[in-house]
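Notes for the one structure printed next.
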Amino acid sequence: MKLNNRFLFGMLSLLLAAIIAFVALPTIARQTNGKTEIVRITQPVQKGEQITAANTEVVEVGSFNLPPNIARSLEDVNGLYATADLAQGDYILTTKVSMAPISSDVALNSIPSGMTAISLTVKTLASGLSDKLQPGDIIRIYHFLDTAEEVPELRYVRVLSVTDADGINVDNTKEPTGDEEKKQSATITVLASPEQARIITMLENDGVAHVALVSRGNDALAEELLSLQAQSILEIYYPELLEETAAPDEGNRETAGETAEPSPNPPDAEADNGSAGNGTAAPQN
């Protein structure tokens, strides 16, 4: 019995060794030694720069353990735009390219339909909130010519970005480190309706615009304030639209009033009847 067990174990070991030698090892060898073509960066490509044949090359590399979303031919990426900085020698992944040109300002890539992005000049340190504004802030814009005036159309406006005199974004969320100098705000870019954009354009050429911070870091409040501003613009410029939407509601209320049956005993009448039933009478002069 012991001999038979040893013989059986020996045969199984030989069989397993044969499988490893003739099946597993060749398969692994083919995977590790296999070659495939990929696209590689030949010179640095900055975020937003277009990928072309001038800054790429197609090379043959080992196919083992390559990401599935790697670009394998120039046709896959030619004319696309880098969504991240690419260094020389980098492989191109489909997650790092975009068909549409991109901007360093992410907010400018997704402006809602019917809205615009427009900038106003920060003419003094105080008028720009002392370089404290941040993207996403809700601000109120005041106008000063001879006197300070509130602009109803600009009570609640969302800030998209703050830039310096060279058009470079200013990050007011961080304090300068080391010898770095704090950049001074020169312009404020906001999200505006066409009506608001027209007024901001006029303010640029007439007096000084001052901004005041209304809300920061509260998304629910921001949406509520922007909704109030949109309603205010409708009331100022398109009151007829509000009347049209209000008319059906009034008609429904009138219809409801016509169908309602009057109470046979209104509260005042019931009170009078009750007084009469108790035998009390109003004093007569």
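Numbering of residues begins at 1 and proceeds along the displayed sequence.
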Heavy-atom check, side chain of [X] versus side chain of [Y], under 4.5 Å:
| X | Y | answer |
| --- | --- | --- |
| Leu203 | Thr201 | no |
| Asp171 | Val162 | no |
| Gln229 | Leu234 | no |

Would you confirm whether [X], through its side chain, and [Y], through its main-chain N or O, come within 3.5 Å as a donor-acceptor pair?
| X | Y | result |
| --- | --- | --- |
| Asp85 | Lys47 | yes |
| Asp90 | Ala87 | yes |
| Asp166 | Ile168 | no |
| Gln50 | Gly79 | yes |
| Glu235 | Ser232 | no |
| Glu223 | Ala220 | no |
| Thr56 | Thr52 | yes |

Test item: side-chain donor near acceptor, [X] and [Y], under 3.5 Å:
| X | Y | value |
| --- | --- | --- |
| Asn55 | Thr42 | no |
| Ser215 | Asn218 | no |
| Glu243 | Tyr238 | no |

From [atom1] ([X]) to [atom2] ([Y]), nearest 0.5 Å:
| X | Y | atom1 | atom2 | value |
| --- | --- | --- | --- | --- |
| Gln231 | Leu226 | CD | CG | 13.5 Å |
| Leu120 | Thr189 | CG | OG1 | 8.0 Å |
| Asn69 | Lys96 | CG | NZ | 10.0 Å |
| Leu154 | Ile199 | CG | CD1 | 5.0 Å |

Exercise: identify the closest heavy-atom pair between [X] and [Y]:
| X | Y | result |
| --- | --- | --- |
| Asn169 | Ser161 | OD1-CB, 4.2 Å |
| Ser98 | Thr83 | CB-CG2, 3.6 Å |
| Ile236 | Pro152 | CD1-CB, 4.0 Å |
| Leu160 | Ala117 | CD1-CB, 3.8 Å |
| Ala197 | Thr116 | CB-OG1, 3.7 Å |
| Ile233 | Ser193 | CD1-OG, 3.6 Å |

Pick out which of Asp76, Leu74, Ile51 makes a side-chain contact (heavy atoms from CB on, under 4.5 Å) with Ile92.
Ile51

Pick out which of Ser130, Ser185, Pro135 makes a side-chain contact (heavy atoms from CB on, under 4.5 Å) with Asn172.
Ser185

So Ile141 and Val151, side chain to side chain contact (heavy atoms under 4.5 Å, CB included) or not? Walk me through it.
CA-CA 7 Å; Ile141 302 177; Val151 185; 5.7 Å; no

Under the side-chain hydrogen bond (donor to acceptor under 3.5 Å, both in side chains) rule, what pairs show up with a residue in residues 137-152, not counting sequence neighbours?
Asp137-Arg216, Arg140-Tyr156, Glu150-Arg155

Salt bridge between Lys35 and Glu60, side-chain N to carboxylate O under 4.0 Å?
no

salt_bridge(Lys123, Glu204) N-O dist < 4.0 Å:
no

When hydrophobic residues are tied together by side-chain contacts of less than 4.5 Å, even through go-betweens, does [X] share a cluster with [Y]?
| X | Y | value |
| --- | --- | --- |
| Val157 | Leu213 | yes |
| Leu93 | Ile38 | yes |
| Ile41 | Leu66 | no |

How about Lys182: does its NZ atom have over 12 heavy atoms from other parts shown lying under 6.0 Å from it?
yes

